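Only a predicted model underlies this, so the values are computations on that prediction, with no experimental measurement involved.
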Amino acid sequence: MTTPAWSGRRAQAAVAWCKANLGYTCWLCGHEIPDWDYTVDHVIERKRRPDLMWVKSNWRPAHGRKHPEFGCPGNYGRSGRKQSAVKTWTAPGW
């Protein structure tokens with residue numbers, strides 16, 4: 001069984017549900033989200049757990065775009081970022 005894509009009327013209904021039940025405070029930065037920038041983010045990313053895509057307890061309101069003034073990565077850029085690798089440095093001869 002495949003999980004339906006995050007698009008169309010189901011996604012619009014998810015946005016409406018979040019606005020009504022979770023409000024307009026971004027869970028990533030804690031600042032108010034204007035209506036034009038409102039998105040539904042997934043606590044556990046869709047690519048990691050597609051089976052949780054339509055589970056309401058996995059949804060949170062978030063800014064769509066990045067807001068550096070708030071320190072907010074925004075929903076659209078969050079999942080595309082690669083995890084930074086821990087780099088170590090050693091001096092030659094140690």
Side-chain angles (χ1 to χ4, degrees):
M1 184 175 153
T2 61
T3 304
W6 185 267
S7 63
R9 290 185 182 171
R10 283 187 82 173
Q12 290 174 353
V15 170
W17 184 90
C18 280
K19 286 178 178 180
N21 293 282
L22 301 176
Y24 284 76
T25 302
C26 179
W27 84 288
L28 298 171
C29 70
H31 286 87
E32 194 75 12
I33 307 167
D35 201 51
W36 60 268
D37 197 24
Y38 194 101
T39 63
V40 176
D41 194 10
H42 294 81
V43 176
I44 300 171
E45 296 177 24
R46 292 183 298 168
K47 77 176 175 188
R48 291 188 183 182
R49 289 290 306 273
D51 58 310
L52 297 178
M53 184 183 323
W54 296 105
V55 177
K56 291 177 182 175
S57 62
N58 193 38
W59 297 347
R60 297 292 184 279
H63 289 104
R65 68 178 185 86
K66 184 177 184 177
H67 286 271
E69 68 275 19
F70 303 145
C72 185
N75 183 17
Y76 297 142
R78 192 171 77 88
S79 63
R81 291 191 320 230
K82 294 182 179 178
Q83 297 293 330
S84 59
V86 176
K87 296 180 181 178
T88 58
W89 178 84
T90 57
W94 282 57

| query | Under 4.5 Å between side-chain heavy atoms, hopping through other hydrophobics if needed: is there a path connecting Tyr76 to Trp6? | reply | no

| said: Measuring only between side-chain heavy atoms, which start at C-beta, is Pro61 closer than 4.5 Å to Tyr24? | reply: no

| query | When rounded to the nearest 0.5 angstrom, what distance separates OG1 in Thr25 from CZ in Arg60? | reply | 12.5 Å

| note | Note: Trp27 and His42 closest approach over all heavy atoms is CZ2-O, 4.4 Å

Quiz: residues 9-17 side-chain donor-acceptor pairs under 3.5 angstrom, not counting sequence neighbours:
none

| query | Taking side chain as C-beta onward, heavy atoms only, is Asn75 less than 4.5 Å from His63? | reply | no

| field | CG on Leu22 to CG on Asp41, rounded to 0.5 Å | value | 11.5 Å

Got a list of side-chain donor-acceptor pairs under 3.5 Å for residues 64-73, not counting sequence neighbours?
| unit_1 | atom_1 | unit_2 | atom_2 | d |
| --- | --- | --- | --- | --- |
| His67 | ND1 | Glu69 | OE2 | 3.0 |
| His67 | NE2 | Asp37 | OD2 | 2.7 |

| Minimum heavy-atom distance between Trp59 and Met53, given as atom pair plus value | NE1-O, 2.9 Å

